[in-house]
Amino acid sequence: MVQCDFDDTITVGNVSVLIRETFVSDDWRQMEEQYLSGRYSVEESNIRQFALVRATESEIEELLAARVVVREGFERFVKSCRSDGIGLAVVSSGLDIYINPIMSRLGLGDVVVHSGTADITGSGIRVEYNDPGGRRLTRGFKESFLSYFKGRGHTVVYIGDGLSDIAPATEADFVIARSSLKRHFNDNAMPVRDFGTFEDVGRHVEEIRRLVEG
């Protein structure tokens with residue numbers, strides 16, 4: 001089973017940040033610093049920050065079409081997982097209002113996606129997170145799905161890049177990482193495979209599959 005992050009993992013760059021940079025004043029940056037310092041969870045921070053976003057669905061989709069780039073090899077990786085019988089779920093603390101349109105644009109709207117759910121209102125975007133049992137939560141979203149997959153007997157390969165990936169990746173069986181997630185694992189002498197494209201990811205997953213299957 002592959003659990004894959006979205007922002008700056010599937011995409012080149014962080015789409016959540018792009019939306020805030022485009023549609024919010026500088027107020028969000030202080031909130032981001034509070035998240036990075038550990039004062040708020042990523043879920044709490046997104047709930048607070050996206051409440052400041054004043055944009056329509058069409059404005060967001062226009063921005064996505066103009067600015068978002070998907071990391072090389074992702075579509076081929078999805079097809080490879082399907083042909084090899086490997087489960088794949090995108091689990092992101094980002095939001096459905098940008099993840100789903102990007103996946104649909106790639107012709108991958110049927111890929112399983114678990115993310116924050118967003119409701120665009122006249123006074124901002126209302127965000128909530130629910131665990132695999134449907135219970136609302138404000139922290140540990142990615143970890144809840146990692147535990148769910150492992151509880152169902154899956155060997156979990158975690159793919160990610162950032163701060164919110166550290167806790168779930170630590171509980172995964174194998175980790176494929178870039179950026180600050182890779183540095184965290186290297187700094188703590190924990191096993192990790194690195195990637196730049198999803199061609200790299202595909203090679204690692206195939207190696208892991210052979211290893212697990214003996």
Side-chain angles (χ1 to χ4, degrees), residues 3-71 89-106 109 111-148 159-169 179-181:
Q3 178 172 333
C4 186
D5 174 50
F6 188 81
D7 285 279
D8 220 10
T9 297
I10 291 173
T11 58
V12 178
N14 190 305
V15 183
S16 173
V17 170
L18 173 64
I19 290 171
R20 283 172 278 157
E21 286 177 336
T22 305
F23 298 114
V24 186
S25 71
D26 285 346
D27 293 346
W28 70 273
R29 297 184 186 278
Q30 182 178 1
M31 293 183 180
E32 185 72 2
E33 288 301 319
Q34 291 170 337
Y35 156 60
L36 295 173
S37 70
R39 181 173 175 182
Y40 295 101
S41 70
V42 65
E43 296 86 359
E44 291 168 330
S45 184
N46 281 347
I47 289 167
R48 297 174 74 233
Q49 292 190 49
F50 274 93
L52 304 175
V53 173
R54 302 293 188 270
T56 64
E57 184 176 353
S58 61
E59 286 173 331
I60 291 172
E61 291 192 3
E62 286 175 12
L63 178 67
L64 303 180
R67 298 282 299 279
V68 173
V69 175
V70 173
R71 198 170 297 278
V90 175
V91 182
S92 170
S93 50
L95 306 182
D96 55 359
I97 54 170
Y98 65 81
I99 297 174
N100 292 344
I102 292 169
M103 297 295 285
S104 294
R105 189 181 76 198
L106 297 171
V111 171
V112 174
V113 174
H114 302 289
S115 68
T117 58
D119 180 22
I120 299 175
T121 75
S123 57
I125 296 178
R126 193 162 50 238
V127 175
E128 70 175 54
Y129 294 89
N130 294 281
D131 71 10
R135 291 176 292 273
R136 189 175 299 186
L137 46 72
T138 56
R139 62 180 58 245
F141 178 74
K142 292 179 178 179
E143 295 94 311
S144 73
F145 281 92
L146 191 286
S147 297
Y148 174 77
I159 306 170
D161 75 290
L163 178 61
S164 67
D165 296 307
I166 291 174
S179 191
S180 60
L181 180 62

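- Ile166 has its side chain within reach of Leu163: a pair of non-hydrogen atoms, C-beta onward, lies under 4.5 Å apart.
- Under the side chain to side chain contact (heavy atoms under 4.5 Å, CB included) criterion, Tyr148 pairs with Pro132, Arg152, not counting sequence neighbours.
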Q.
Using side-chain contact (heavy atoms from CB on, under 4.5 Å), reason through Leu137 and Asn130 one step at a time and then give a plain yes or no.
A. CA-CA 6 Å; Leu137 46 72; Asn130 294 281; over 6 Å; no
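- Here the closest non-hydrogen pair linking Ser92 and Lys142 is CA-CE, 4.1 Å.
- In this structure, Asp161 has no salt bridge (charged side-chain N to carboxylate O under 4.0 Å, His left out) partners at least two apart in sequence or on a different chain.
- Note that OG of Ser179 and CG of Asn14 are 10.5 Å apart. Values are rounded to the nearest 0.5 Å.
- Under the salt bridge (charged side-chain N to carboxylate O under 4.0 Å, His left out) criterion, Asp27 pairs with no residue, sequence neighbours left out.
- Annotation: side chain to side chain contact (heavy atoms under 4.5 Å, CB included) contacts of Ser180 (sequence neighbours excluded): Arg183.
- Here the closest heavy-atom approach between residue Ala167 and residue Glu143 is recorded as CB-OE2, 3.2 Å.
- Here the CD1 atom belonging to Ile10 is positioned 8.0 Å from the CD1 atom belonging to Ile159, to the nearest 0.5 angstrom.
- The backbone N or O of Thr11 sits less than 3.5 Å from a side-chain atom of Arg71, completing a donor-acceptor pair.
- Residues forming a salt bridge (charged side-chain N to carboxylate O under 4.0 Å, His left out) with Arg126 (at least two apart in sequence, or on another chain): Asp119.
- Rounding to the nearest 0.5 Å gives a distance of 11.5 Å between CG of Asp8 and CG of Leu18.
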Q.
Before you tell me yes or no, could you show the steps for Gln3 and Leu146 under side-chain contact (heavy atoms from CB on, under 4.5 Å), namely the whole-Å CA-CA distance, both residues' side-chain angles and the distance that decides it to 0.1 Å?
A. CA-CA 7 Å; Gln3 178 172 333; Leu146 191 286; 3.6 Å; yes
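- Looking at Ser37, its side chain does come within 3.5 Å of a backbone N or O of Gln34 through a donor-acceptor pair.
- Contacts classified as salt bridge (charged side-chain N to carboxylate O under 4.0 Å, His left out) and involving residues 39-59 (residues at least two apart or in different chains) are given here: Glu44-Arg139.
- Remark: Val112 pairs with Ala89, His114 by the side chain to side chain contact (heavy atoms under 4.5 Å, CB included) rule, at least two apart or across chains.
- Of all heavy-atom pairs between Thr56 and Ile120, the closest is C-CD1, 4.2 Å.
- Shown here are the ring pair (Phe, Tyr, Trp, His ring centres under 6.0 Å) partners of Phe141, two or more places apart in sequence or in another chain: Tyr129, Phe145.
- Contacts of Asp96 classified as side chain to side chain contact (heavy atoms under 4.5 Å, CB included), with partners at least two apart in sequence or in another chain: Asn100, Ser115, Thr117, Ala118.
- The closest donor-acceptor contact from the side chain of Arg67 to the backbone of Ile19 lies at 3.5 Å or more, if one exists at all.
- Note: Asp5 CG to Ser164 OG = 6.0 Å, rounded to the nearest 0.5 Å.
- Residues that satisfy the salt bridge (charged side-chain N to carboxylate O under 4.0 Å, His left out) test with Asp7, not counting sequence neighbours, are absent from this structure.
- Distance check: Leu63 CG to Phe23 CZ gives 5.0 Å after rounding to the nearest 0.5 Å.
- Of all heavy-atom pairs spanning Glu61 and Pro101, the tightest one is OE2-CG, 4.0 Å.
- Rounding to the nearest 0.5 angstrom, the gap separating the CH2 atom in Trp28 from the OH atom in Tyr35 is 12.5 Å.
- Between Ile97 and Ile60 the shortest side-chain heavy-atom distance falls below 4.5 Å.
- The heavy-atom pair separating Val90 from Met103 by the smallest distance is CG2-CE, 4.3 Å.
- Minimum heavy-atom separation, Asn46 to Ser93: ND2-O, 2.9 Å.
- Residues forming a side-chain hydrogen bond (donor to acceptor under 3.5 Å, both in side chains) with Ser16 (at least two apart in sequence, or on another chain): Arg20.
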